[in-house]
J.: 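The following block contains the structure, expressed as structure tokens.
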Amino acid sequence: MDAFPVLDSARAVTARARFVALDETAVDPAVRAWGHLLQNRPSWREPFHYWDGTEETVRWIFVLDVLNHCFWPDPGEPVWETVLDGTRYSGYCGLAAALKKAYLDGVPITDARFLQAMTPEALARILEGTGRMPLFEARLENLREAGRVLVAKWGEDVMHLVAWADGSACRLAAQLAEDFMSFRDQFVLDGQPVYFWKRAQIFAADVHAAFEGRGPGRFTDIERLTAFADYKLPQVLRELGILRYRRDLADRVDAGRYLPSGYREEIEIRAATIVAVEKLKEAFHQQGAEHITSVHVDQWLWSLGQREPFRRRPYHRCRTIFY
């Protein structure tokens with residue numbers, strides 16, 4: 001695929017931003033202080049991930065990434081959690097654990113017709129745990145849509161879409177965004193389109209990681225994927241001093257007030273996150289680590305976000321199916 005518009009559109013937003021500034025002088029210090037924690041190869045081998053080395057793994061990953069968004073609870077509500085093999089998981093790890101357990105228990109979650117006809121009761125059983133998964137109804141509709149599109153266009157099998165992409169992660173992500181509304185993570189700001197395609201890119205990256213760049217995970221342009229702009233990465237980038245919020249936006253985020261999806265402030269935060277990750281990638285390259293991709297940097301920042309120093313201030317709150 002020659003044109004992959006995510007990075008260029010993010011740069012255009014960041015160049016005319018009103019609420020979010022990118023401080024490039026903080027990039028090198030961040031790499032010097034924390035870069036030793038970056039993993040050279042994203043690992044799929046986690047106890048909550050499903051893996052059998054076949055195309056079924058790809059189908060399972062697709063369902064995972066249809067649902068991979070927005071796990072934080074409303075104030076006063078308990079965190080949704082589930083248990084797999086005696087271990088309690090929440091957030092993304094909990095979602096993966098629930099889907100793995102359901103699949104191993106014989107629930108046909110990789111079958112497009114099952115997804116198309118998904119009932120609230122069936123999804124509730126799959127996501128059984130303590131608390132309630134946020135955006136339950138939206139997740140239900142996204143699964144139904146995924147099934148409908150696979151049945152109508154891709155022969156009931158996401159593997160046909162992966163094969164059609166012909167080794168291009170960018171082509172795969174772009175087609176997901178075109179065919180599936182739930183992956184169509186894009187907006188218009190100041191009359192110009194802005195593309196994020198967060199979960200669409202994650203699907204390609206997850207398949208690549210699961211198969212270690214071989215078989216269905218062999219993509220010749222994986223380095224062209226951008227950061228997966230969400231709520232955790234900008235929280236970390238802000239603590240690193242790379243992202244700076246205008247006072248009124250900072251006050252709103254720090255007070256835990258919601259940002260509507262598609263509003264300028266939210267779009268600027270996500271766009272600046274993508275550009276900041278590119279700057280960090282360039283800094284790693286200048287240190288001789290030229291194999292580092294934006295996906296590596298994204299996962300490095302996400303892992304830093306699990307550490308207390310990067311949780312001093314809250315992440316921005318936006319209820320959305322896109323992240």
J.: Work out which heavy atom in M159 is nearest to a heavy atom in P216; give both atom names and the distance.
T.: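 Closest approach of M159 to P216, heavy atoms only: CE-CB, 4.2 Å.
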J.: Would you check, one step at a time, whether the test side chain to side chain contact (heavy atoms under 4.5 Å, CB included) holds for V20 with E265?
T.: CA-CA 8 Å; V20 182; E265 295 93 322; over 6 Å; no
J.: If I take atom OG1 from residue T14 and atom CD1 from residue I267, how far apart are they, to the nearest 0.5 angstrom?
T.: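 Interatomic distance, T14 OG1 to I267 CD1, rounded to 0.5 Å: 11.5 Å.
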J.: When hydrophobic residues are tied together by side-chain contacts of less than 4.5 Å, even through go-betweens, does I274 share a cluster with V295?
T.: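 The answer is yes; both residues are in one hydrophobic cluster.
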J.: Within a 6.0 Å radius of atom CZ on R218, are there more than 12 heavy atoms belonging to other residues, nucleotides or ligands?
T.: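 Counting other residues, nucleotides and ligands, CZ of R218 stays at 12 neighbours or fewer.
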J.: Determine whether T293 and F284 make a side-chain contact, defined as any pair of heavy atoms from C-beta on separated by less than 4.5 Å.
T.: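 Answer no - side chains too far apart.
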J.: Check whether any side-chain N or O of Q201 sits under 3.5 Å from a backbone N or O of A174 as a donor-acceptor pair, and report yes or no.
T.: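 No; zero donor-acceptor contacts below 3.5 Å.
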J.: Measuring from S294:OG to L225:CG, what's the distance to the nearest 0.5 Å?
T.: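 Answer rounded to 0.5 Å: 8.0 Å.
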J.: One pair to check against salt bridge (Lys or Arg N to Asp or Glu O under 4.0 Å): D23 and R244. What are the steps and the verdict?
T.: CA-CA 7 Å; D23 185 354; R244 300 186 184 279; 3.1 Å; yes
J.: Could you give me the CA-CA distance, side-chain angles and deciding distance for R59 and E55, then say whether salt bridge (Lys or Arg N to Asp or Glu O under 4.0 Å) is met?
T.: CA-CA 7 Å; R59 299 181 186 104; E55 293 176 350; 3.3 Å; yes
J.: Could you tell me whether E128 atom CD has more than 12 heavy atoms of other residues or ligands within 6.0 Å of it?
T.: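 Open: at most 12 neighbouring heavy atoms sit under 6.0 Å from CD of E128.
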J.: Please tell me whether F71 and F322 are part of a single hydrophobic cluster in this structure, the criterion being side-chain heavy atoms less than 4.5 Å apart.
T.: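 They do share one cluster, since a chain of ILVMFWY contacts under 4.5 Å joins F71 to F322.
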J.: Within a radius of less than 6.0 Å around CZ of R16, do more than 12 heavy atoms belonging to other residues, nucleotides or ligands occur?
T.: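 Counting neighbours around CZ of R16, more than 12 heavy atoms of other residues, nucleotides or ligands fall under 6.0 Å, so yes.
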J.: Any donor-acceptor pair under 3.5 Å linking the side chain of D230 with the backbone of L233?
T.: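 Such a contact is found between D230 side chain and L233 backbone.
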J.: Are L37 and V277 co-members of a hydrophobic cluster defined by side-chain heavy atoms under 4.5 Å apart?
T.: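 Both belong to a single hydrophobic cluster.
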J.: What's the shortest heavy-atom distance between L280 and A30, and which atoms?
T.: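 It is CD2-CB, 4.4 Å.
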J.: Would you say that R252 contacts D248 through its side chain, given a criterion of any heavy-atom pair below 4.5 Å between the two side chains?
T.: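 Answer no - side chains too far apart.
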J.: Would the distance check show the side chain of R270 and the main-chain N or O of E266 forming a donor-acceptor pair, the cut-off being under 3.5 Å?
T.: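 Not at all, since once roles are kept as given, no pair shorter than 3.5 Å links the two residues.
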J.: Say whether L7 and V27 are linked into one hydrophobic cluster, either directly or through other cluster members, by side-chain heavy-atom distances under 4.5 angstrom.
T.: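 In one cluster: no.
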J.: Just by distance, do the side chain of R199 and the backbone of V66 share a donor-acceptor pair under 3.5 Å?
T.: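 Yes, the answer is positive, given that a donor and an acceptor are paired below the 3.5 Å cut-off.
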J.: Is a side-chain donor or acceptor of R45 paired with a backbone partner of A210 at a separation under 3.5 angstrom?
T.: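 A pair under 3.5 Å: yes.
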J.: Out of curiosity, H291 NE2 to H285 NE2, how far, rounded to the nearest 0.5 Å?
T.: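 The NE2 atom of H285 is 8.5 Å from NE2 of H291, to the nearest 0.5 Å.
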J.: Looking only at side-chain N and O atoms, does T54 offer a donor or acceptor that is under 3.5 Å from a partner on D52?
T.: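 Short answer, yes.
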J.: Do the side chain of N142 and the main chain of S182 share a donor and acceptor less than 3.5 angstrom apart?
T.: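 Absent.
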J.: Can you tell me how far apart CH2 (W34) and CZ (R307) are? Round to the nearest 0.5 Å.
T.: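 Atom-to-atom, W34:CH2 and R307:CZ are 6.0 Å apart.
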J.: Counting C-beta onward and ignoring hydrogens, is there a side-chain heavy-atom pair between L240 and V236 closer than 4.5 Å?
T.: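 Yes; the side chains approach each other to less than 4.5 Å.
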J.: Between Y231 and Y323, what is the ring plane arrangement, given parallel below 30°, perpendicular above 60°, and tilted in between?
T.: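 Rings of Y231 and Y323: tilted, 30 to 60°.
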J.: Report the residue from W51, F114, Y50 that forms a ring pair (Phe, Tyr, Trp, His ring centres under 6.0 Å) with Y103.
T.: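 Exactly one pass, corresponding to Y50.
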J.: Are the side chains of T57 and I61 in contact, using a 4.5 Å heavy-atom criterion?
T.: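 In short, these two side chains touch, coming nearer than 4.5 Å.
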J.: Using a 4.5 Å cut-off on heavy atoms from C-beta on, say whether the side chain of E145 contacts that of Q116.
T.: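 The answer is no, as the side chains (C-beta and beyond) never meet within the 4.5 Å cut-off.
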J.: Once the angle between the rings of H49 and W60 is folded into 0 to 90°, is it parallel (under 30°), tilted (30 to 60°) or perpendicular (over 60°)?
T.: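 Because their plane-to-plane angle is over 60°, the rings of H49 and W60 count as perpendicular.
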J.: Restricting to non-hydrogen atoms, name the atom on A200 and the atom on A173 that form the minimum distance, rounded to 0.1 Å.
T.: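 In this case the closest contact between A200 and A173 is CB-O, 3.4 Å.
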J.: Considering non-hydrogen atoms only, spot the tightest contact between A112 and E156 and give its length.
T.: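 That closest heavy-atom pairing would be CB-O, 3.5 Å.
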J.: Taking the six-membered ring of W72 as reference, does the cationic atom of R319 (NZ for Lys, CZ for Arg) lie under 6.0 Å from its centre and within 45° of its axis?
T.: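 Yes - R319 lies over the ring of W72, closer than 6.0 Å to its centre and within 45° of its axis.
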J.: Around atom CZ of R313, are there more than 12 heavy atoms from other residues, nucleotides or ligands closer than 6.0 Å?
T.: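 Yes, the 6.0 Å shell around CZ holds more than 12 heavy atoms from other groups.
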J.: Would you mind telling me which of R317, R247, R238 makes a salt bridge (Lys or Arg N to Asp or Glu O under 4.0 Å) with D254?
T.: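 Among R317, R247, R238, the one meeting salt bridge (Lys or Arg N to Asp or Glu O under 4.0 Å) with D254 is R238.
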J.: When you compare the side chain of V83 with that of Y89, does any pair of heavy atoms fall below 4.5 Å?
T.: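 The answer is no, as the side chains (C-beta and beyond) never meet within the 4.5 Å cut-off.
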J.: Locate the shortest heavy-atom distance separating I321 from L135; write the atom from each residue and the value.
T.: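 So the two residues come closest at N-CD1, 4.3 Å.
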J.: Any donor and acceptor pair, going by atom type alone, linking the side chain of S9 with main-chain N or O of V6 inside 3.5 Å?
T.: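 Checked: pair present.
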J.: Do you know which two heavy atoms are closest between I222 and A205, and how far apart they sit?
T.: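 What the structure gives for the nearest pair is CD1-CA, 4.3 Å.
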J.: Does the pair F196 and Q186 meet the rule for a side chain to side chain contact (heavy atoms under 4.5 Å, CB included), with working shown?
T.: CA-CA 6 Å; F196 295 109; Q186 59 196 58; over 6 Å; no
J.: Using a 3.5 Å distance criterion without hydrogens, assess whether the side chain of E268 forms a donor-acceptor pair with backbone atoms of R18.
T.: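 Checked: pair present.
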J.: With a cut-off of 6.0 Å (strictly less than), are more than 12 heavy atoms of other residues, nucleotides or ligands near CG of D105?
T.: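 It does: D105 CG has more than 12 such atoms within range.
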J.: Given the rule that I, L, V, M, F, W and Y join up when any side-chain heavy atoms are under 4.5 Å apart, are L243 and F228 in one cluster?
T.: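 The answer is no; the residues belong to distinct hydrophobic clusters.
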J.: Taking R144 for its side chain and M118 for its backbone only, find out whether a donor-acceptor pair lies under 3.5 Å.
T.: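 Yes: the side chain of R144 pairs with the backbone of M118.
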J.: Rounded to the nearest 0.5 Å, how far does CG of L38 lie from CD1 of I292?
T.: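 So the gap between those two atoms works out to 4.5 Å.
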J.: Roughly how far, to the nearest 0.5 Å, is the OG atom of S168 from the CD atom of Q175?
T.: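 Result: 11.0 Å between the selected atoms.
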J.: Could you tell me whether the side chain of W44 reaches within less than 4.5 Å of the side chain of F211, counting heavy atoms only?
T.: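 Not in contact.
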J.: Apply salt bridge (Lys or Arg N to Asp or Glu O under 4.0 Å) to R148 and E141, showing your working.
T.: CA-CA 10 Å; R148 287 195 303 268; E141 176 50 37; 2.8 Å; yes
J.: Please evaluate residues Y92 and N68 with respect to the criterion side chain to side chain contact (heavy atoms under 4.5 Å, CB included), reporting the C-alpha separation (whole Å), side-chain torsions for both, the decisive distance (0.1 Å), and the verdict.
T.: CA-CA 7 Å; Y92 165 80; N68 181 11; 3.5 Å; yes
J.: Check the pair L67 / L99 against side chain to side chain contact (heavy atoms under 4.5 Å, CB included), numbers first and verdict last.
T.: CA-CA 10 Å; L67 298 173; L99 293 177; 4.2 Å; yes
J.: Within the side chain of Q306, is there an N or O that forms a donor-acceptor pair under 3.5 Å with the backbone of W302?
T.: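 Yes; at least one donor-acceptor contact below 3.5 Å.
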J.: Please step through salt bridge (Lys or Arg N to Asp or Glu O under 4.0 Å) for the pair E56 and K100, ending with a clear verdict.
T.: CA-CA 12 Å; E56 269 296 271; K100 181 178 181 179; over 6 Å; no
J.: Is there a side-chain contact between Y245 and I269, using heavy atoms and a 4.5 Å cut-off?
T.: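 The answer is yes; the side chains approach within 4.5 Å.
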J.: Can you run down the ring-ring contact (aromatic ring centres under 6.0 Å, His included) pairs that involve residues 154-182, sequence neighbours left out, and say none if there aren't any?
T.: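 Sorted result for residues 154-182: F62-F180, W154-W164, F180-F183.
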